[in-house]
Amino acid sequence: MRRKLTLLLTLFTACALYAQTLDDLRNIESIKRELEKISTEPGTKKPETMRGASSLETFQDSLSRLPVQKMEKEKFKPEIILPEEEEEEGKKAVPETTEFFIDLPCFGHEIFEQTQAEYMPEVFGPVDEEYPLGPGDEIIITVWGEVELRHELVINRAGQVYIENVGLVNLSGLNIKEARNKLKSALGRSYSSITKGRAFLDITVGKLRPLRIYVIGNVTQPGVFTVPAVSSPFHLLFYAGGINPAGSLRRVLVARGDEIAAELDFYEFLTAGKRFSNVRLQTNDVVVVPAAEIQVYLDGAVNMPAIYELKQGEGIIELFKYCGGLKDNAYRKTIQVERIVGYEDRRYFDVNYNELVKNNQNFELINGDRILVTEINREVKNYITIEGPIYGPTQFEYHAGLTIRQLFDKVDSIAGDAYLKRVQITRTLPDKKQEMFSLNLENILGGSQPDFALAPEDQIEIKSMTALFPADSVRIYGAVKMPGVYAYKKNMTLKDLIFASGGFTNNALFTEAEVSRIFPRQHQKDMLAQIFYVPLDSSYIKKETEDDGDIFRLLPYDNVFVRSDSEWELQRNVYIEGEVNKPGLYTLETKTTKITDLIERAGGLKLTAYLAGAKLFRSGSYKGQIGIDFEEIFDNRYHEENIFLQAGDRIIIPEKLATVSVYGGVNFPSNVLWEKGEGLDYYIEAAGGYTETGDEDNVTIRLANGRPVQRQRFLFWKYLSDDITAGSTIYVPVLKEKDKTDWSGAIRDAAAILASIATVILIYDQVGK
């Protein structure tokens, strides 16, 4: 029976877990269907295409078939050296360079950052004399002198302007200088003063004609731009947001019709400041930025590590020119080039840059090359170091044959406390082990001993006499202004030491000073020190002359003790406040002044004084209120609570009080009127009684004078040790709130469990039948 019941319960639990798993799977499938539905809804937005891209695709394809105009190359080209193919067994392993070539910037691309926010088209401003006029340009003609004229004219589509009294003048294709001469000749036929020099003519350009330029290729925002006629390809790159990392900065093309009008190298601007102002754009020109063909990675001891673009045939010589050259600590004999060969192998080449420059050669680079310029990591060895008390430099150049005397001829000077009889030289051997030599430098410099030959990296250490032989000292303790340790000086006296320590304090005992001195052990082995007593008086340090009997000479390590006068001290002041006739600050006359003595000096109590609430506060190590029964000590002046006062004591005598404070675990914390003879229960009930969490067994009562009142028990009765007085404080502690049991919830859960058990038993009975 028990076995069948266990089996039934196991099956029931497994079915419940399986049902939960099915529910979870259904929820997952439901979420997947919702996501698929959202992704296929007609209203879902797709990423927008870049402005102008779709309209320029066909045009860009046609540009790839345009003939490229060959540019003139430099007259001088260094000899190109190609790396020799190595055999498999001679192949060099590529060293680890994980700390290099990380996050290298693309050289030149940083200039295009935030161009859209900062770059504005140049609509106004002067134009150069070579600017070609065309349809749409506004020209301003000004004549002054005997004839004064001003015309603001726009060149029409035929390239002409109409001038009153002159007629049509064709200016298309002329630059500013040529147009000025032609207008001067044309207006001179109608105004003779111009030809005779009595009138003068000048022209300027007003509004410039707009140009429609296409920018395509590897730029951030390709499209069609309307720009002023003075714009150059340089400006158009900024209008288009700059060249992206895949674009070429070395071969920016300007296409006009079926030809390439110009091929520009942006590195010329970055390295020489050339702005391509000589390239004049025309309407419908296309600025094309193709992809970069050769990009190499440069890192290490160069001025500008970055990713650089090279042209066919360029190599290390051009690369180092673009990067601003090598740093001073660059190792030039071995420039490391890592290259992928045949799309399947990695090779490593060493290039001697010094030999390239010397022989007017170059090392051609290909796409993907990684060039690393290492730093010179050799240690400096040709030096000698001097440590110790010398003046001037402490490190000197070593040369072959250098000796101690030659070295110290370069030293500024040697300090007076230098100990030269034993100087140590530490020498580093080739195997990095060290060897030490000890010399008498004083004799070597004086010539009485032979000179000593030095070696590279020698370290010469000179000790100071102060460090080797510490100065003797004496100590002074007690009633002096600056007690402590002082350097011993020859013929130093006790008066000298007292002067050095600032003199006596006010509480010094002017009878004698005690001096302890090291006892020579050779006389008595069990003696630790000798004690001397030197007579003193108040004029000891004021005497201008000293008798032989007043002179006490000190020896090294003497200890001097100046004792304090135990009877000397400053005044002891106490405070009294409240209901006395003369409150304020008082000085204690004797050490045995009591509380009642001070109140009498303060003029006695006023009629409104409330002794039951009087308080005494003490400062110092035992701070706080002292519970004193002032009524008791006034009735009996010899009562033990009539204590001696101390400096800083404060007595407060209040006016008549009429309430008792009740707070804590009561229903209505408040101040209850005092009733003579009433006990604790009276004041608790007056404050609304205890709360549910009020701790009745641990109530604390403190009288107005600060004394605590204890609750005591006699058989079944509780009583107070003292009567509650006006001004007292009653505090009822509060217990932590007890946890409440939710019996209705517990009964409901129990019923559910019983119903489940009954269902299981019923199923079991049915299966058994």
Side-chain angles (χ1 to χ4, degrees), residues 478-479 481 504-509 563-664 671 674 676 699-712 720-731:
K481 294 179 181 177
F504 299 112
T505 59
N506 293 330
N507 63 336
L509 181 63
R563 306 301 178 185
S564 300
D565 187 353
S566 62
E567 297 299 327
W568 189 95
E569 67 173 299
L570 295 173
Q571 295 89 338
R572 298 184 184 182
N573 295 329
V574 295
Y575 298 85
I576 184 167
E577 305 173 14
E579 298 303 297
V580 292
N581 289 309
K582 294 184 289 183
L585 182 66
Y586 288 84
T587 297
L588 299 179
E589 293 179 317
T590 65
K591 296 180 179 180
T592 58
T593 301
K594 296 184 176 181
I595 297 174
T596 53
D597 298 333
L598 179 63
I599 294 176
E600 287 181 1
R601 284 181 62 191
L605 300 171
K606 291 184 178 180
L607 296 177
T608 55
Y610 181 53
L611 286 178
K615 300 179 178 64
L616 171 64
F617 295 91
R618 176 153 290 175
S619 61
S621 301
Y622 304 97
K623 296 180 180 179
Q625 182 180 354
I626 301 176
I628 302 293
D629 190 340
F630 279 75
E631 292 181 323
E632 186 70 30
I633 65 176
F634 264 81
D635 291 339
N636 180 11
R637 296 174 61 89
Y638 300 101
H639 193 277
E640 60 182 4
E641 293 189 13
N642 192 14
I643 60 176
F644 299 142
L645 294 175
Q646 295 183 7
D649 283 353
R650 184 162 61 98
I651 299 173
I652 301 175
I653 301 177
E655 294 181 347
K656 182 70 174 178
L657 302 175
T659 60
V660 175
S661 298
V662 184
Y663 65 101
N671 292 323
W674 176 74
K676 186 176 181 180
V699 178
T700 58
I701 304 169
R702 185 172 291 276
L703 301 181
N705 59 13
R707 294 167 62 92
V709 175
Q710 304 294 331
R711 298 181 71 189
Q712 300 181 357
L720 300 178
S721 59
D722 292 287
D723 293 335
I724 296 176
T725 59
S728 298
T729 301
I730 300 172
Y731 172 68

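We find the CZ-CG distance between F630 and N642 to be 9.0 Å, quoted to the nearest 0.5 Å. Distance check, rounded to the nearest 0.5 Å: CG of N573 to CG of L645 gives 12.0 Å. Rounding to the nearest 0.5 Å places CG of D597 at 7.5 Å from OG1 of T592. Here the CG-OG distance, from L657 to S728, works out to 9.0 Å after rounding to the nearest 0.5 Å. K656 NZ to T608 OG1: the interatomic distance, rounded to the nearest 0.5 Å, is 11.0 Å. If you take CD1 on I626 and CZ on R618, they are separated by 4.0 Å, rounding to the nearest 0.5 Å.
Between E631 and T725 the shortest side-chain heavy-atom distance does not fall below 4.5 Å. Between L605 and V580 there is a side-chain heavy-atom pair separated by less than 4.5 Å. Side-chain atoms of I651 and V574, non-hydrogen and from C-beta on, never get closer than 4.5 Å to each other. No side-chain heavy atom of Y610 sits under 4.5 Å from any side-chain heavy atom of E655. Contact annotation: the side chain of W568 approaches that of L570 to within less than 4.5 Å [non-hydrogen atoms, C-beta and beyond]. Using a 4.5 Å cut-off on side-chain heavy atoms (C-beta onward), T729 and Y663 make contact. In this structure, the side chains of K676 and W674 come closer than 4.5 Å at one or more pairs of heavy atoms.
Across all their heavy atoms, G613 and A704 have their closest contact at CA-CB, 3.4 Å. Closest of all the heavy-atom pairs between E641 and D629 is OE1-N, 2.8 Å. Across all non-hydrogen atoms, the minimal contact from I652 to F617 is CD1-CE1, 3.8 Å. The two atoms that bring I653 and A614 nearest to each other are CG1-CB, 4.1 Å, heavy atoms only.
For T505 (side chain) and A479 (main-chain N/O), a donor-acceptor pair under 3.5 Å exists by modelled atom type. Between the N705 side chain and the I628 main chain, a donor and an acceptor come within less than 3.5 Å of each other.
Among T593, L598, I599, the one residue that satisfies the side chain to side chain contact (heavy atoms under 4.5 Å, CB included) test with I595 is I599.
Between E600 and R637, at least one side-chain nitrogen of the basic residue sits less than 4.0 Å from a carboxylate oxygen of the acidic one, meeting the salt-bridge criterion. With salt bridges taken as basic N to acidic carboxylate O contacts below 4.0 Å, none links R572 and D649.
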Using the side chain to side chain contact (heavy atoms under 4.5 Å, CB included) rule, take I724 and V709 through it: C-alpha gap first, then chi angles, then the decisive distance, then the call.
-> CA-CA 8 Å; I724 296 176; V709 175; 5.7 Å; no
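For residues 574-596, every residue pair satisfying the salt bridge (Lys or Arg N to Asp or Glu O under 4.0 Å) rule, not counting sequence neighbours, is listed here: E577-R650.
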